[in-house]
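Everything below concerns the one structure shown next.
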Amino acid sequence: MRRYCFTLQVDPARLEEYRRRHATVWPDMLAALRDAGWHDYSLFLRDDGLLVGYFLAESVEAAVAAMEATEVNARWQAEMAQFFVNLPGARPDRGFTLLDEVFNLDAQLADLPGDTR
């Protein structure tokens with residue numbers, strides 16, 4: 001399973017409402033994400049609206065495609081699109097920027113020879 005991290009920009013004027021919406025995500029959306037192979041999915045929001053998402057999946061393409069096939073995702077993306085800036089004509093799930101992973105503690109520790117304590 002691979003780790004994925006992405007960014008989006010939430011409209012700073014809509015931060016509190018965005019937080020409220022994510023405090024109680026629709027149960028069918030939660031189930032769809034789980035069933036589509038999104039694991040350990042978290043969102044982090046900075047006060048200027050920078051949103052950072054993190055999740056585990058076998059493949060980002062497969063995870064996004066599986067969500068694309070659900071009706072609940074279309075409804076959720078339509079609801080959430082209003083919160084984002086710099087997404088001209090795109091849905092949030094199509095407009096995020098994936099980040100390259102440059103460091104992972106567990107991976108580097110696993111590569112060390114023997115006990116390094």
Listing, residues 55-62 side-chain donor-acceptor contacts under 3.5 Å, not counting sequence neighbours, or none:
{"from": "Ser59", "atom 1": "OG", "to": "Glu61", "atom 2": "N", "distance (Å)": "3.3"}
{"from": "Ser59", "atom 1": "OG", "to": "Glu61", "atom 2": "OE1", "distance (Å)": "3.2"}
{"from": "Ser59", "atom 1": "OG", "to": "Ala62", "atom 2": "N", "distance (Å)": "2.9"}

Using the ring pair (Phe, Tyr, Trp, His ring centres under 6.0 Å) rule, collect all pairs that involve residues 90-109, keeping only residues at least two apart or in two chains. Phe6-Phe96

Who are the side chain to side chain contact (heavy atoms under 4.5 Å, CB included) partners of Arg34, not counting sequence neighbours? Ala31

According to a 4.5 Å side-chain heavy-atom criterion applied to Ile, Leu, Val, Met, Phe, Trp and Tyr, with indirect links allowed, do Val10 and Val25 form part of one hydrophobic cluster? yes

Partner residues of Glu79 under the side chain to side chain donor-acceptor pair (under 3.5 Å) criterion, sequence neighbours left out: Arg21

With salt bridge (Lys or Arg N to Asp or Glu O under 4.0 Å) as the rule and sequence neighbours excluded, what pairs involving residues 96-113 come up? Arg3-Glu101

From CH2 (Trp38) to OH (Tyr4), nearest 0.5 Å: 10.5 Å

Validation: residues 41-52 side-chain donor-acceptor distances under 3.5 Å, sequence neighbours left out:
{"from": "Arg46", "atom 1": "NE", "to": "Asp48", "atom 2": "OD1", "distance (Å)": "3.0"}
{"from": "Arg46", "atom 1": "NE", "to": "Asp48", "atom 2": "OD2", "distance (Å)": "3.3"}
{"from": "Arg46", "atom 1": "NH2", "to": "Asp48", "atom 2": "OD2", "distance (Å)": "2.7"}
{"from": "Asp48", "atom 1": "OD1", "to": "Leu50", "atom 2": "N", "distance (Å)": "3.1"}

Could you tell me whether the side chain of Val64 reaches within less than 4.5 Å of the side chain of Arg94, counting heavy atoms only? no

Checking Glu71 now: which residues fulfil side chain to side chain donor-acceptor pair (under 3.5 Å) with it, not counting sequence neighbours? Arg75

So CG of Asp28 and OG1 of Thr70: to nearest 0.5 Å the spacing works out to 9.0 Å

Go through the structure and list residues passing side chain to side chain contact (heavy atoms under 4.5 Å, CB included) with Ala66, not counting sequence neighbours. Ala36

Would you kindly confirm whether Tyr54 and Leu30 end up in one hydrophobic cluster when ILVMFWY residues are joined by side chain heavy atoms under 4.5 Å apart? no

Please list, chain by chain and in numerical order, all residues satisfying ring pair (Phe, Tyr, Trp, His ring centres under 6.0 Å) with His22, sequence neighbours excluded. Tyr18, Trp76

Can you tell me how far the CG atom of Leu15 sits from the CZ atom of Arg20, to the nearest 0.5 Å? 11.0 Å

Among residues at least two apart in sequence or on other chains, which ones pass side chain to side chain donor-acceptor pair (under 3.5 Å) with Gln77? Asn73

Could you tell me whether the side chain of Glu17 reaches within less than 4.5 Å of the side chain of Phe83, counting heavy atoms only? yes

